[in-house]
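The structure appears below as structure tokens.
Throughout, protein chains are lettered first and strands after them, A, B, ... in sequence-line order, and every chain is numbered starting at 1.
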Protein chains: 2
Amino acid sequence: MDNDCLTCPVRDESLFGALPEEAVRRLNNPAENLVIPAGEVLYRENAEASASYTLKDGVIKLTRTAMNGREQILRLLTRGDVMGLECMLGQRYNHTATTLTPVQVCRLPLTALKRLQTDNPALNHALLTRWAAALQQVEMLAVELGTKKASERLATFLLFWNERTGGHDDMPLPLSRTETGELLGLTVETVSRFFADWKRRGHLSEKAGVVYLHDRSALRELSGGDTSGLLS
Amino acid sequence: MDNDCLTCPVRDESLFGALPEEAVRRLNNPAENLVIPAGEVLYRENAEASASYTLKDGVIKLTRTAMNGREQILRLLTRGDVMGLECMLGQRYNHTATTLTPVQVCRLPLTALKRLQTDNPALNHALLTRWAAALQQVEMLAVELGTKKASERLATFLLFWNERTGGHDDMPLPLSRTETGELLGLTVETVSRFFADWKRRGHLSEKAGVVYLHDRSALRELSGGDTSGLLS
DNA sequence: CGAGGATTTGATGTTTGTCAATGATAGTGG
DNA sequence: CCACTATCATTGACAAACATCAAATCCTCG
């Protein structure tokens with residue numbers, strides 16, 4: 001298994017991007033490379049947190065289960081994202097991490113992470129940045145959930161995900177209708193109805209898990225008027 | 001103005017709680033003590049972030065405005081909480097901070113904070129902890145917003161706020177109906193209706209901004225189950 | 001090809017938002 | 001101290017949005 005941190009394709013985007021080459025060399029490749037099929041649980045909410053993970057390829061959802069049994073997707077992770085950092089605080093995992101596609105991840109044990117941190121204070125800033133980014137994302141989700149209606153949330157999400165995946169007209173959407181609902185606080189049926197409606201209107205089409213955006217401006221309208229670029 | 005960090009009543013709960021006395025002494029009291037009436041804006045979303053603040057007394061709301069103009073309260077801060085830490089990352093303020101009661105806050109300029117951080121690596125862990133706690137809180141909010149209905153959210157919030165303010169039968173609730181709605185993703189009317197209903201049923205009563213919980217178990221039922229872990 | 005799961009669609013009910021009016025409360029100035 | 005005013009809270013009638021329940025259809029994969 002190739003787990004050479006120096007040649008890692010996501011090194012720049014990863015936590016180690018902040019470290020000098022020499023420091024990375026001294027890591028002695030503590031990370032373990034994992035390849036995992038879609039639909040697997042990487043770790044589970046409330047389980048003992050003994051490692052963090054860096055996503056090298058694929059998509060992962062972080063979810064939490066409410067007391068009424070309903071699930072909420074809190075974040076979607078893509079290449080370069082880090083998860084499970086809460087292990088550093090001696091916490092249990094705060095979410096369940098589930099693969100939505102086949103995935104390649106690096107498992108970095110807590111012990112290695114701690115050693116790295118003490119040896120290399122520069123890492124602290126990178127960690128803060130990660131935490132801040134996660135907070136930022138969840139805050140955006142909360143604003144969506146608290147202030148917008150179904151169609152606006154869905155349209156916003158499609159545009160968001162489109163940007164996130166490179167901004168091409170066609171984008172892979174590895175979420176089922178149910179999961180999209182679990183992210184946006186909606187039922188399967190509601191999600192399905194808007195998809196169907198927008199397909200009929202020609203705003204988008206879909207084939208084998210790939211969504212084609214034909215009319216971004218229509219979606220931008222539906223998303224609740226982010227006219228910022230045009231007006232101000 | 002008394003701004004002696006050593007004798008600060010919230011020192012243990014503050015960022016400096018982690019620092020040894022000697023280090024606090026060397027701080028040379030860089031913080032500025034402020035007393036502010038209710039309804040004032042401490043800092044505004046997107047403004048240049050030049051300082052963080054520690055709340056010594058009172059209640060503050062952190063809000064963000066959606067593109068459609070609606071406001072979302074993202075966090076409620078009480079004694080010991082820190083806000084504006086995003087200044088450390090060179091970001092603009094991520095929220096608008098508004099006082100809900102008269103408050104006492106300590107303003108810690110970014111320059112002092114940075115110096116403190118380099119001089120005292122122990123602070124880094126405290127910072128991470130703060131960020132993690134904020135993330136935890138917003139995630140709980142997102143789960144509430146995404147998975148529960150109006151009455152459940154409101155009941156959960158009342159129990160949460162009760163614990164947060166000491167768990168006594170009577171608690172000050174410095175939020176208007178509108179603001180409660182802005183926190184829970186509801187309209188004024190919906191909030192008001194449930195309050196009225198629960199008063200009629202004898203679950204609670206209210207007088208001059210103080211809520212008396214008469215039947216916690218009824219609220220716990222209404223909240224849709226568990227309330228543990230709401231405090232972080 | 002067939003089975004099982006996911007998606008779509010329709011019919012219906014509940015929840016919540018919207019609009020409008022009224023009642024309560026607190027601060028202000030005479 | 002008392003009206004006066006502005007703001008907040010309550011209530012009702014109604015409409016819109018969304019959930020729920022129940023089929024039917026589509027897809028995927030063995």
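Across all strands shown, Arg153(A) has no heavy atoms under 4.0 Å from either base or sugar-phosphate atoms. At the heavy-atom level, Ser176(B) lies under 4.0 Å from the strands shown only through sugar-phosphate atoms. Residue Gly185(B) is classed as a sugar-phosphate contact, given heavy-atom separations below 4.0 Å to backbone atoms only. Here Lys199(A) lies in heavy-atom contact (under 4.0 Å) with sugar-phosphate atoms only.
Distance, Phe194(A) CZ to dT9(C) P: 13 Å, rounded to whole Å. The CG atom of Leu154(B) sits 12 Å away from the P atom of dG17(C) (whole-angstrom rounding). If you measure from atom CZ of Arg193(B) to atom P of dT16(C), you get 11 Å, rounded to the nearest angstrom. The CG atom of Leu145(B) sits 15 Å away from the P atom of dC18(D) (whole-angstrom rounding). Rounded to an integer number of Å, the gap from CZ of Phe195(A) to P of dT25(D) is 23 Å. Whole-Å rounding puts the Lys148(A) NZ to dA17(D) P distance at 16 Å. Leu173(B) places its CG atom 15 Å from the P atom of dC8(D), with the value rounded to the nearest Å.
Proximity note for Leu186(A) (side chain, C-beta onward) versus dT8(C), dA19(D), dT11(D): the nearest is dA19(D). The Val188(B) side chain lies nearest to dT10(D) when the options are dC18(D), dT20(D), dT10(D). Checking dT8(C), dT28(D), dT16(C) against the side-chain heavy atoms of Lys149(B) singles out dT16(C) as nearest. Comparing dT8(C), dT11(D), dC18(D) against the side chain of Glu189(B) picks out dT11(D) as the nearest. Of the candidate nucleotides dT28(D), dA11(C), dT7(C), dT7(C) has the atom lying nearest to any side-chain atom of Arg177(A). Checking dT9(C), dT10(D), dT28(D) against every side-chain atom of Ser192(A), the shortest atom distance belongs to dT9(C).
Take the nearest nucleotide of DNA chain D for Thr190(A) and for Lys207(A): the residue whose nucleotide is more 5' is Thr190(A). Two residues, Ala196(B) and Ser151(A), neighbour DNA chain D, and the one matched to the more 5' nucleotide by heavy-atom proximity is Ala196(B). Between Asp197(A) and Arg70(B), the residue anchored closer to the 5' end of DNA chain C is Asp197(A), taking for each the nucleotide with the nearest heavy atom.
Distance alone, capped at 3.5 Å, is enough to place a donor-acceptor pair between the Arg153(B) side chain and the Lys148(B) backbone. At distances below 3.5 Å, not a single donor-acceptor pair connects side-chain atoms of Ser223(A) with backbone N or O atoms of Ala155(A). In this structure, Glu86(B) contributes its side chain and Asn94(B) its backbone to a donor-acceptor pair below 3.5 Å.
Side chains of Tyr53(A) and Leu77(A) form no contact here, defined as non-hydrogen atoms less than 4.5 Å apart.
Ionic pairing of Asp81(A) and Arg164(A) is present here: one or more N-O contacts between side-chain nitrogen and carboxylate oxygen are shorter than 4.0 angstrom.
For the salt bridge (Lys or Arg N to Asp or Glu O under 4.0 Å) test with Arg177(B), the passing option among Glu189(B), Glu182(B), Glu206(B) is Glu206(B); the others fail.
The phosphate of dT11(D) has OP1 or OP2 within less than 4.0 Å of a side-chain N or O from Arg200(B).
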